[in-house]
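The figures that follow rest on heavy atoms only: side chains count, while hydrogens, waters and symmetry mates do not. Residues take their numbers from the sequence shown, with the count starting at 1. Just so you know, ligand 1 is whichever comes first in the structure, and atom 1 is the first atom listed for that ligand.
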Amino acid sequence: MNAEATPMNIMPDWLNALPPLRGKLMPDFVMGDICWFRVGGPADVVFMPADIDDLSAFLAALPEDVPLSVLGAGSNVLVRDGGIRGAVIRLGAAFGQVTQSGDDEMTAGAAALDVRVARAAADAALSGLSFYRGIPGSIGGAVAMNAGAYGGETGDVLVNVEWLDRKGEKHVSAVDELNLSYRHNGQQDFALYTSARFKAVRGDKAKIIAEMEEISDKREDSQPVKSRTGGSTFKNPDGADPEGLKAWKLIDAAGCRGLRVGDAQVSEQHCNFLINHGVATAQDLETLGETVRQRVLDHSGVTLHWEIKRMGEAHA
Ligand SMILES: Cc1cc2nc3c(=O)[nH]c(=O)nc-3n(C[C@H](O)[C@H](O)[C@H](O)COP(=O)(O)OP(=O)(O)OC[C@H]3O[C@@H](n4cnc5c(N)ncnc54)[C@H](O)[C@@H]3O)c2cc1C
């Protein structure tokens with residue numbers, strides 16, 4: 001037997017039974033290569049569809065018992081070292097358009113980065129979307145997480161979303177149907193967001209650009225934005241309430257600032273961020289996060305909940 005595995009002989013059986021697809025099917029794809037933390041084992045298959053019809057055909061043909069996950073820009077996930085069983089969908093350039101729609105609305109594909117939406121709105125002298133300047137994810141991830149910053153969040157500016165269900169059927173939902181709350185999307189069943197429409201208000205272009213620059217400067221000062229991180233690890237216990245309990249304060253008070261497990265560390269700069277200094281494993285990062293949760297519980301009696309989405313298996 002040939003000792004060198006070819007892509008064909010590591011393909012799961014269900015993959016060979018799919019109809020012809022125009023997008024890229026990538027078996028045994030190492031998730032750490034596309035996630036901010038730079039950790040995570042291989043997914044059985046990552047599919048990058050050529051367009052929405054290709055995606056729909058893939059979903060329609062995918063057997064119901066094959067696990068299915070979605071990845072955006074990978075800025076809020078911790079993929080475990082054993083990787084992800086089944087299929088992972090990652091939207092690429094075909095879902096990256098950002099356009100002005102009507103006088104005061106923007107429409108963005110789910111793969112468009114938040115920052116592009118903020119910039120395009122500024123170029124069109126539309127205000128209200130500047131908060132996206134500081135969030136490094138994609139629009140799909142923003143809808144899935146109700147991402148927000150500096151007093152604005154996705155639910156405040158979203159009009160509606162287009163999405164596909166597990167069988168590849170297309171739907172449109174108004175923002176109210178998503179039951180968005182602080183860093184949470186309450187849509188019950190599997191939904192793969194493909195595009196979103198946002199409302200904005202006419203504004204002064206120079207002022208909007210200045211506001212975005214201020215947001216960018218503030219983040220550089222307060223967050224390890226150039227590190228291998230996943231953003232805020234835990235939700236603030238009182239949600240978006242500006243006067244409420246802050247996860248970082250509880251972590252600091254419990255003595256966890258700078259705490260390390262292997263090459264994983266609680267950021268010295270912003271202690272609700274975990275950092276991979278280079279060779280941390282997903283297990284190091286998860287163990288560190290769980291240690292922080294336990295210490296905060298012991299110290300203040302508050303249970304922190306993960307904001308970062310943990311995906312996949314600990315072992316292959
Ligand atoms: C340095 C840094 C700073 C950050 N600052 C902020 C901040 O200020 N505010 C904030 O809210 N977040 C922040 N984050 C977290 C993160 O950027 C947001 O949660 C972002 O919205 C995640 O988008 P993503 O595309 O990276 O999603 P991913 O991390 O890839 O995925 C996150 C979740 O969204 C789901 N998802 C992604 N795309 C789709 C889709 N098309 N359809 C259905 N589900 C999908 C995934 O399945 C997963 O459950 C920060 C992260 C970093 C690294």
Could you tell me whether S138 and ligand 1 have an N or O pair separated by under 3.5 Å?
-> yes
Among G231, A112, A149, whose heavy atom sits nearest atom 51 (C) of ligand 1?
-> G231
Give the ring-plane orientation class for H171 versus W163, where under 30° counts as parallel, over 60° as perpendicular and anything between as tilted.
-> parallel
Can you figure out which of A144, A111, G141 has its heavy atom closest to atom 38 (N) of ligand 1?
-> G141
Among L59, V46, V45, find the residue that satisfies the side-chain contact (heavy atoms from CB on, under 4.5 Å) test when tested with I89.
-> L59
Heteroatom distance test (L91, ligand 1): nitrogen or oxygen, under 3.5 angstrom = no
Nearest neighbour of atom 5 (N) of ligand 1 from the list R219, M311, Q223, on a heavy-atom basis = R219
Picking from Q283, E313, E286, what satisfies side-chain hydrogen bond (donor to acceptor under 3.5 Å, both in side chains) with R80?
-> E286
Protein heavy-atom partner closest to atom 49 (O) of ligand 1 - residue, atom, separation in Å | K309 CG, 3.6 Å
Can you check whether A142's main-chain N or O pairs, donor with acceptor, with D114's side chain at less than 3.5 Å?
-> no
Ignoring hydrogens and angles, tell me if any N or O in the side chain of D54 forms a donor-acceptor pair with the backbone of P49 under 3.5 Å.
-> no
Among S69, A191, G148, closest by any non-hydrogen atom to atom 9 (N) of ligand 1 = G148
Can the ring centroids of F47 and F58 be said to lie less than 6.0 angstrom from one another?
-> yes
Who's closest to atom 50 (C) of ligand 1 heavy-atom-wise, of G152, G74, P136?
-> P136
Is the number of heavy atoms from other residues, nucleotides or ligands within 6.0 Å of CG (D298) greater than 12?
-> yes
Stepwise ring-ring contact (aromatic ring centres under 6.0 Å, His included) check, Y132 with Y150 = CA-CA 9 Å; Y132 278 137; Y150 300 107; over 10 Å; no
Does Y193 approach ligand 1 within less than 4.0 angstrom via side chain, backbone, both or neither, non-hydrogen atoms only?
-> both
Residue, atom name and distance, where the atom is the protein heavy atom closest to atom 33 (C) of ligand 1 = M145 SD, 3.8 Å
In the protein, what heavy atom is nearest to atom 15 (C) of ligand 1, and what distance, to one decimal place, separates them?
-> N76 OD1, 3.4 Å
Check ligand 1 against R183 and write out every atom of the ligand that is under 4.0 Å from a heavy-atom position of the residue.
-> 11 (O)
Should S232 be counted as touching ligand 1, given the test is an N or O pair under 3.5 Å?
-> no
Backbone of D263 reached by a side-chain donor or acceptor of Q265 within 3.5 Å = no
Considering the options R202, K199, R197, which one meets the salt bridge (charged side-chain N to carboxylate O under 4.0 Å, His left out) requirement together with E105?
-> R197
For ligand 1, note which part of V70 has a heavy atom under 4.0 Å away: side chain, backbone, both or neither.
-> both
Check each atom of ligand 1 against the heavy atoms of A147 and keep those under 4.0 Å away; list them by number with element.
-> 11 (O), 21 (O)
